[in-house]
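The next block holds one structure in the form of structure tokens; read it before the comments.
Here, residue 1 is the first one in the sequence, and each next residue gets the next number. Quick caveat, the model's predicted, so the values are computed rather than measured.
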Amino acid sequence: MLELKQIKKSYDGVTILNNMNLKIEEGEIVSILGPSGCGKTTLLNLILGITDADSGEIYFNGQNITDVPMEARGFNIVFQDYALFPNLNVYKNITYGLRNKPGISTSQEVEELIGLLGLREHLSKRIDQLSGGQKQRVALARTMVMKPKILLLDEPLSALDGVIKESIKEKIKEIAREFKLTTIIVTHDPEEALTLSDKVLIVNQGSIAQFGTPDEIISSPADSFVREFILNQLEIKRNHIFTLFRGEMESGLSSNKDADRIVKQAV
């Protein structure tokens, strides 16, 4: 469905992406994972069309879209900061794009999407009255009513924690399955990528270190970078959890019953 061939991109003489070759099938959820500065966001921007490649070609459903402008590609993105309009309520944010293209989604389709994302009770609220997870769902709804050919997400879960993060992950997967929607996600979090995606693209210094299913990444890492990057990041997350756990215990557990409670929550 989406194919990148020999994509190269440099800024000020510094190579950001080097000979990038990639095929993403229709309906797949693909996470782009890698350390800061590896080229993840540049790759996302090239697919979206807001950045031009120095060389190489991009194909969508067999058509060369390398020189097709962003607005003509039909791909939509949910930015990390959600980019919602604070002067509009939830419903007006969701339907904002339909003012110029009213025929893309019917009223019934908008209502179904509002129900799918659990936003009905929030429609009249201002944006500053919403939690982070609610804002994320509004941003998803606003993008989905425009029926994108590909959904791009830039660090969609980075500002969310715990149960809220898991809820949004499930919503993203549900939307991708419901609409057979190819979804491409930039993330720095291996746990997020491995549990959310059909395939994970690991980028290192502008090149593909590995592209495969979560099982393949875990069981057969392509090289020492993939192995160490995944394990180190998961170890950092594990240590963070234990640090929080110890902090709560040290700050005033009054009994063994309290300790048991926290252990059960952690598990």
Taking the side chain from Glu228 and the backbone from Phe225, do they hold a donor-acceptor pair closer than 3.5 Å? no
Counting only pairs under 3.5 Å, give me each side-chain donor-acceptor contact of residues 122-138, with atom names and distances, residues two or more places apart or in other chains.
from, atom 1, to, atom 2, distance (Å)
His122, ND1, Lys125, NZ, 2.9
Arg126, NE, Asp128, OD1, 3.0
Arg126, NH2, Asp128, OD1, 3.3
Gln129, OE1, Arg126, N, 2.8
Ser131, OG, Gln134, N, 3.2
Ser131, OG, Gln134, OE1, 3.4
Gln134, OE1, Ser131, N, 2.8
Gln136, NE2, Pro156, O, 2.3
Arg137, NH1, Leu117, O, 2.8
Arg137, NH1, Gly118, O, 3.0

Straight-line distance of Leu88 CG to Ile94 CD1, nearest 0.5 Å: 11.5 Å
Do you know which two heavy atoms are closest between Leu181 and Pro148, and how far apart they sit? CD1-O, 3.2 Å
Pairwise side-chain contact, Ile32 with Val203, heavy-atom cut-off 4.5 Å (strictly under): yes
Given side chains that start at C-beta, do those of Val186 and Leu153 come closer than 4.5 Å, heavy atoms only? no
Check whether Leu2 and Leu46 end up in the same hydrophobic cluster, where Ile, Leu, Val, Met, Phe, Trp and Tyr are linked by side-chain heavy atoms less than 4.5 Å apart. yes
Linking I/L/V/M/F/W/Y whenever their side-chain heavy atoms sit closer than 4.5 Å, directly or via other members, would Met70 and Leu151 fall into one cluster? no
To the nearest 0.5 Å, what is the distance between CD1 (Ile217) and CG (Leu33)? 8.5 Å
Output side-chain donor-acceptor pairs under 3.5 Å for residues 3-20, partner residues at least two apart or in another chain, one line each.
from, atom 1, to, atom 2, distance (Å)
Gln6, NE2, Asn21, OD1, 3.4
Lys9, NZ, Asp52, O, 2.8

Heavy-atom neighbours of Gln108 CD exceed 12 at 6.0 Å: no
4.5 Å side-chain heavy-atom contact, Ser105 and Lys147: yes
Set out, in order, the CA-CA distance, both residues' side-chain angles and the distance that settles side-chain contact (heavy atoms from CB on, under 4.5 Å) for Leu98 and Val145, then state yes or no. CA-CA 8 Å; Leu98 297 177; Val145 297; 4.3 Å; yes
Quick one: do Leu44 and Ile77 satisfy side-chain contact (heavy atoms from CB on, under 4.5 Å)? Show the steps, please. CA-CA 9 Å; Leu44 196 73; Ile77 187 168; 3.7 Å; yes
Applying side-chain contact (heavy atoms from CB on, under 4.5 Å), run through Leu196 and Ile172 and close with a yes or a no. CA-CA 8 Å; Leu196 178 56; Ile172 291 171; 4.2 Å; yes
Could you list the residues that satisfy side-chain hydrogen bond (donor to acceptor under 3.5 Å, both in side chains) with Thr182, not counting sequence neighbours? none
Euclidean distance, Leu84 CG relative to Asn89 CG, rounded to 0.5 Å: 11.5 Å
Are Leu48 and Arg73 packed together at the side-chain level, in the sense that at least one heavy-atom pair is separated by less than 4.5 angstrom? no
What pairs of residues pass the ring-ring contact (aromatic ring centres under 6.0 Å, His included) test when at least one of them lies in residues 42-61, not counting sequence neighbours? Phe60-Phe75
Flag, side chain of Lys149 to backbone of Gly74, donor-acceptor distance under 3.5 Å: no
Which pair of non-hydrogen atoms, one from Lys23 and one from Phe211, has the smallest distance, and what is that distance? O-CE2, 3.4 Å
Can you find a pair of side-chain heavy atoms, one from Ile24 and one from Leu22, that are under 4.5 Å apart? yes
Are Tyr91 and Phe85 connected in a single hydrophobic cluster, I mean Ile/Leu/Val/Met/Phe/Trp/Tyr linked by side-chain heavy atoms less than 4.5 Å apart? no
Looking at CD1 of Ile185 and CD1 of Ile29, how far apart are the two atoms once the value is rounded to the nearest 0.5 Å? 6.0 Å
Say whether, by atom type as modelled, one donor and one acceptor occur between the side chain of Arg120 and the main chain of Glu111 under 3.5 angstrom. yes
For residues 193-212, which residue pairs qualify under side chain to side chain donor-acceptor pair (under 3.5 Å), counting only residues two or more places apart or in two chains? Glu28-Lys199, Ser31-Ser197, Lys169-Thr195, Arg177-Asp198
Let's go through Thr66 and Asn64 carefully: what are the C-alpha distance in whole Å and the side-chain angles of both, what is the deciding distance for side chain to side chain donor-acceptor pair (under 3.5 Å) to 0.1 Å, and is it a yes or a no? CA-CA 6 Å; Thr66 309; Asn64 189 330; 2.6 Å; yes
Determine whether Asn76 and Leu152 make a side-chain contact, defined as any pair of heavy atoms from C-beta on separated by less than 4.5 Å. no
Let me confirm one number: the CD-NZ distance from Glu26 to Lys180, rounded to the nearest 0.5 Å. 8.5 Å
Using only atom types and a distance under 3.5 Å, with no angle test, would you say the side chain of Arg142 pairs donor to acceptor with the backbone of Tyr82? yes
Lys101 atom NZ, neighbour heavy-atom count above 12 within 6.0 Å: no
Could you tell me the separation between the CD1 atom of Ile114 and the CD atom of Glu109, rounded to the nearest 0.5 Å? 12.0 Å
Hydrophobic cluster identity match, Leu116 and Val78, side-chain contacts under 4.5 Å: yes
Taking the side chain as C-beta and beyond, is there a heavy-atom pair between Leu113 and Leu119 under 4.5 Å? no
Same cluster or not: are Met1 and Ile184 linked, directly or through other Ile, Leu, Val, Met, Phe, Trp or Tyr residues, by side-chain heavy atoms under 4.5 angstrom apart? yes
With sequence neighbours excluded, residues passing side chain to side chain contact (heavy atoms under 4.5 Å, CB included) with Ser219: none
When every non-hydrogen atom of Thr183 is compared with those of Ala176, the smallest separation belongs to OG1-CB, 3.8 Å
Check the pair Val30, Val200 against side-chain contact (heavy atoms from CB on, under 4.5 Å), reporting the backbone distance first and the verdict last. CA-CA 6 Å; Val30 173; Val200 179; over 6 Å; no
Considering non-hydrogen atoms only, spot the tightest contact between Phe229 and Pro190 and give its length. CE2-CG, 4.2 Å
